[in-house]
Amino acid sequence: MSSLSDKLTLSPINKRRWANFRANGRGYWSLWIITALFVLSLFAEFIANDRPLLVSFKGELHAPVLFDYPETKFGGVFETPADYTDPFLLNAIKEHGWMLQPLIPFGANTIDFNLGRPAPAPPSAKHWLGSDNQGRDVLSRLIYGFRISMLFALALTVVSSVIGVAAGAVQGYFGGLTDLLFQRFIEIWGGLPQLFILIIVASIVAPSFWTLLLVLLLFSWTALVSVVRAEFLRARNFDYVRAAKALGMSDVGVMAKHILPNAMVATVTFLPFILSGAVVALTSLDFLGLGMPPGSASLGELLRQGKENLQAPWLGFTGFFAIAGMLTLLVFVGEAVRDALDPRKTFA
């Protein structure tokens, strides 16, 4: 069976880098684990949901997980959306057909009114990781919270990296007054109190996924500027760059074609660590109550519930091990990428 590098027809140097990455078993398997968990979380509605995956009623097949159906569709009397936890509706479906439930029959915000004891309830066969202080299933909220954290971190990492790379490239390539002004601006900008700005923004507009992304993006783009700037400052006077300029290539062409590929080696090394930093940032804001809107499934909110409900240790333990596991996997991947791109190992 041919290797992945052969299938992708990589260059010899990239094949060596891929081999170095695979040689780091800890980072290699961490990449597969975090990728598998993220892909599974993208289909959270099919894993944890209070809506059935399929319903057969009087010979007709329906997919409530994908579409909204009125209660009258299943023998009810109201035109409101069907509540598949209603005993009357469940009996009607069982009498005239069948339904296929997800593995976890609770959504992120589904409240279990039949806990049989005050919330939060401990782990049981019904709630594998217990319930929170509102009677919601912890495992389902963990799955949805993991997805939100990863999507937020990926979006923040990609957008901030594009802006940071562009800013660093302009600084390093042109140098002089442009570099001087940019550096002074970044020093002033980096000294602004992010937490106070977030508090001000949260008091003006309702926090949401996009407002948090925008506010954190205002500060996170500076992470890669210094790295890219240094690479462009080093390479702008190389002979091949001077030759390209002498042949009439534009500044943008020289930056994109000749210098940027070399600068991207150092940039890619930092990406897993920026990703883990974005996860920590969102978790911290949710823990402080400045993050996602109230009721949203998030890892920080789970940690806050653990702090406020010390009599329910499963809440704190679940949040802690979930976040610690995510960050550990991302750091292992980052270390493997750093070793794979190390010139001493690539050209040894």
Side-chain angles (χ1 to χ4, degrees), residues 1-11 14-49 65 102-104 108 128-129 138-162 165 209 213 216 220 223-224 264-283 286 292 297-300 302 318-342 345-346:
M1 186 176 182
S2 59
S3 64
L4 181 60
S5 60
D6 295 332
K7 293 179 181 179
L8 297 178
T9 63
L10 299 176
S11 63
N14 286 329
K15 286 183 179 180
R16 184 63 180 272
R17 288 168 175 167
W18 175 248
N20 290 339
F21 180 81
R22 290 196 61 179
N24 189 323
R26 185 173 62 185
Y28 178 74
W29 287 109
S30 295
L31 176 63
W32 280 110
I33 293 172
I34 196 70
T35 302
L37 292 175
F38 177 59
V39 171
L40 286 175
S41 70
L42 293 178
F43 300 93
E45 285 78 10
F46 295 88
I47 300 173
N49 206 331
V65 71
L103 179 64
I104 305 170
W128 297 348
L129 294 179
V138 172
L139 180 56
S140 64
R141 291 184 66 79
L142 178 63
I143 295 172
Y144 283 89
F146 176 84
R147 180 174 68 178
I148 286 291
S149 297
M150 288 298 297
L151 289 175
F152 183 90
L154 287 171
L156 184 61
T157 301
V158 170
V159 179
S160 62
S161 298
V162 171
V165 168
F209 183 94
L213 184 65
L216 291 179
S220 63
L224 290 175
M264 288 305 294
V265 173
T267 301
V268 171
T269 304
F270 279 88
L271 291 183
F273 301 103
I274 297 176
L275 188 66
S276 61
V279 171
V280 172
L282 180 63
T283 302
D286 286 332
M292 301 294 290
S298 69
L299 301 180
L302 187 59
T318 300
F320 170 77
F321 285 115
I323 296 171
M326 283 180 63
L327 297 181
T328 300
L329 292 174
L330 291 174
V331 169
F332 284 167
V333 173
E335 291 178 348
V337 172
R338 181 193 61 197
D339 293 342
L341 298 179
D342 189 345
K345 296 183 179 180
T346 302

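Bear in mind that the values here come from a model prediction, so they are computed numbers and not experimental data.
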Within-4.5 Å side-chain heavy-atom neighbours: [X] and [Y]:
X	Y	answer
L302	D286	no
L42	L151	yes
L341	R17	yes
I274	S220	no
I34	M150	yes
T267	M264	yes
L129	L142	yes
I47	I143	yes

Heavy-atom pair with the smallest gap, counting every atom of [X] and [Y]:
X	Y	result
A281	L216	CB-CD1, 4.1 Å
L156	A278	CD2-CB, 3.7 Å
S160	T157	OG-O, 3.3 Å

With sequence neighbours left out, what residues match [X] under side-chain contact (heavy atoms from CB on, under 4.5 Å)?
X	result
W128	L103, L139
N49	E45, R51, V65, P102
Y28	W18, F21, R22, W32

Please set out all donor-acceptor pairs under 3.5 angstrom arising from side-chain atoms of residues 320-334, sequence neighbours excluded.
| unit_1 | atom_1 | unit_2 | atom_2 | d |
| --- | --- | --- | --- | --- |
| T328 | OG1 | A324 | O | 2.6 |

**Asked** Do any pairs count as a salt bridge (Lys or Arg N to Asp or Glu O under 4.0 Å) and have a residue in residues 265-280, sequence neighbours left out, and if so which ones?
**Response** none
**Request:** Measure the CD1-OG1 distance between I148 and T283 for me, rounded to the nearest 0.5 Å.
**Result:** 12.0 Å
**Asked** Got a second to check how far T35's OG1 is from L40's CG, nearest 0.5 Å?
**Response** 11.0 Å
**Request:** Keeping to residues at least two apart or across chains, list the ring pair (Phe, Tyr, Trp, His ring centres under 6.0 Å) pairs with something in residues 143-162.
**Result:** F152-F209
